[in-house]
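Presented below is the structure to which this report refers.
These figures come from a predicted structure and were not determined experimentally. Every chain is numbered from 1 and lettered A, B, ... according to where its sequence line falls, protein lines coming before strand lines.
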Protein chains: 2
Amino acid sequence: MSDVRWLSAEEQQVWRAFMTAVTKFTEHLDRQLQRDSGMPMAYYEILVALSEAPERALRMSELASVCHSSRSRLSHAVARLEKEGWVVRQACPSDRRGSIAVLTETGFRVLEQAAAGHVTAVREHLFDVLTPDQLRSLAEISRAVDAGLTVQCAKVRREEFADL
Amino acid sequence: MSDVRWLSAEEQQVWRAFMTAVTKFTEHLDRQLQRDSGMPMAYYEILVALSEAPERALRMSELASVCHSSRSRLSHAVARLEKEGWVVRQACPSDRRGSIAVLTETGFRVLEQAAAGHVTAVREHLFDVLTPDQLRSLAEISRAVDAGLTVQCAKVRREEFADL
DNA sequence: CGGCCGTTGTTGAACCTTCAACCAGGATGC
DNA sequence: GCATCCTGGTTGAAGGTTCAACAACGGCCG
């Protein structure tokens, strides 16, 4: 257990700088959306996903995977979005278990409004403060981290299988 | 209002890759800590901050600023940590409004345990998947984003003053 | 001193997320 | 057909965060 590879002083610096930036950044975006459009970022992303889908509709499970959200979370979220009148749920014709979330016209207009402020904030605090080189790096880094997590999760799933 | 500088296709790709990576990464860390040590990452960071402070003690307001946390959040969090016996609150001798959070011996040991798994996860999914060059980039990028947010917040505060 | 304002910290309500439990419907094997 | 298992989706409770309101204290200036 004591064979932990602790972080060096420089590594700690990088790590903390990273976490600070990410925390402040996402907090800023979240607050902006909440203040200007009355929804947290997770809900905004649900609306975006729906708006880009054919017919502006997606099955709950697909929507969950597109949004990197758990089924449960999505269920609660869509319930709220439905109460606002931004989304409606329809029965799925091909699978009677299924539920299809559809973006309403009202929801689409709300999304358009929200997008303006959100994109502006993203540009202002991410794209405007980075050089083109840094942006390319960020893309690479993001893909590497994502890939690392995906591999790891596959490995964990294999181990779970091994347990049974 | 329509003078929004929307994102180009490439910019959108970078933006989504970034958000996906960050979301998955923080979610992974949070889940790891919750599972193995029974605390969310925000609470872990409170314990870390206390452990590094002289006497392992900090005033609530300082603790809040070190952890980038609101007073309210910290108050709730410390209440929970106190219930676990990991932290105790003492009156501040120099300022009778003040409250001082102190890490207990139990809390310190819990933190040591938690740190092993946490640092391992961070190394595995961040440091191990990035090249030294990418790490240097990431540090720069983080600092740039952080700086951009800090400037912006200062500007907002000035505008609030202007309103009055 | 006494009034006023800013700071410190807590509280409760509302909201969001997580987790475990659950129901209903498909899919598979006998 | 039916027993079994897996999948899709919802629900309620527990825990975390946010926001607004508040109480208590310090600091400042008349």
### Query
Using 4.0 Å as the upper bound for N to carboxylate O, is an ion pair formed by R5(A) and D128(B)?
yes

### Query
Would you say L47(B) and M39(B) make side-chain contact, with heavy atoms under 4.5 Å?
yes

### Query
What orientation do W15(A) and F25(B) show, parallel under 30°, tilted 30 to 60°, or perpendicular over 60°?
perpendicular

### Query
So what does R89(A) hit on the nucleic acid, given a heavy-atom distance under 4.0 Å: a base, only sugar-phosphate, or nothing?
sugar-phosphate

### Query
When rounded to the nearest 0.5 angstrom, what is the spacing between CG in L81(A) and CG in L103(A)?
9.0 Å

### Task
Kindly state each residue pair satisfying ring pair (Phe, Tyr, Trp, His ring centres under 6.0 Å) with at least one member in residues 29-72 of chain B, sequence neighbours excluded.
Y44(B)-H118(B)

### Query
Less than 4.0 Å between a side-chain N and a carboxylate O, is that true for D133(B) and R136(B)?
yes

### Message
Counting only heavy atoms and a strict 4.0 angstrom limit, can you tell me which residues of residues 48-57 of chain B come near DNA chain C?
### Response
none

### Message
Reading DNA chain C in the 5' to 3' direction, which nucleotide is the first one with an atom under 4.0 Å from a heavy atom of chain B, and which is the last?
### Response
dG6(C) to dC19(C)

### Message
Within the 4.0 Å limit for protein heavy atoms, which parts of nucleotides 14-27 of chain D are touched? Write it as a string from 5' to 3', B for base, S for sugar-phosphate only, - for none.
### Response
--SSBB----BBS-

### Message
Measuring to OP1 and OP2 of dT11(D), would you say a side-chain N or O of S75(A) lies under 4.0 angstrom away?
### Response
no

### Query
Rounded to the nearest 0.5 Å, how far does CG of L58(B) lie from CD1 of I46(B)?
11.0 Å

### Qualifying salt bridge (charged side-chain N to carboxylate O under 4.0 Å, His left out) pairs, either residue in residues 100-117 of chain B, two or more places apart
R56(B)-E105(B), E105(B)-R109(B)

### Message
Between R89(A) (side chain only) and V102(A) (backbone N and O only), is there a donor and an acceptor less than 3.5 Å apart?
### Response
no

### Task
Apply side-chain hydrogen bond (donor to acceptor under 3.5 Å, both in side chains) to R31(A) and list each qualifying residue two or more places apart in sequence or on a separate chain.
none

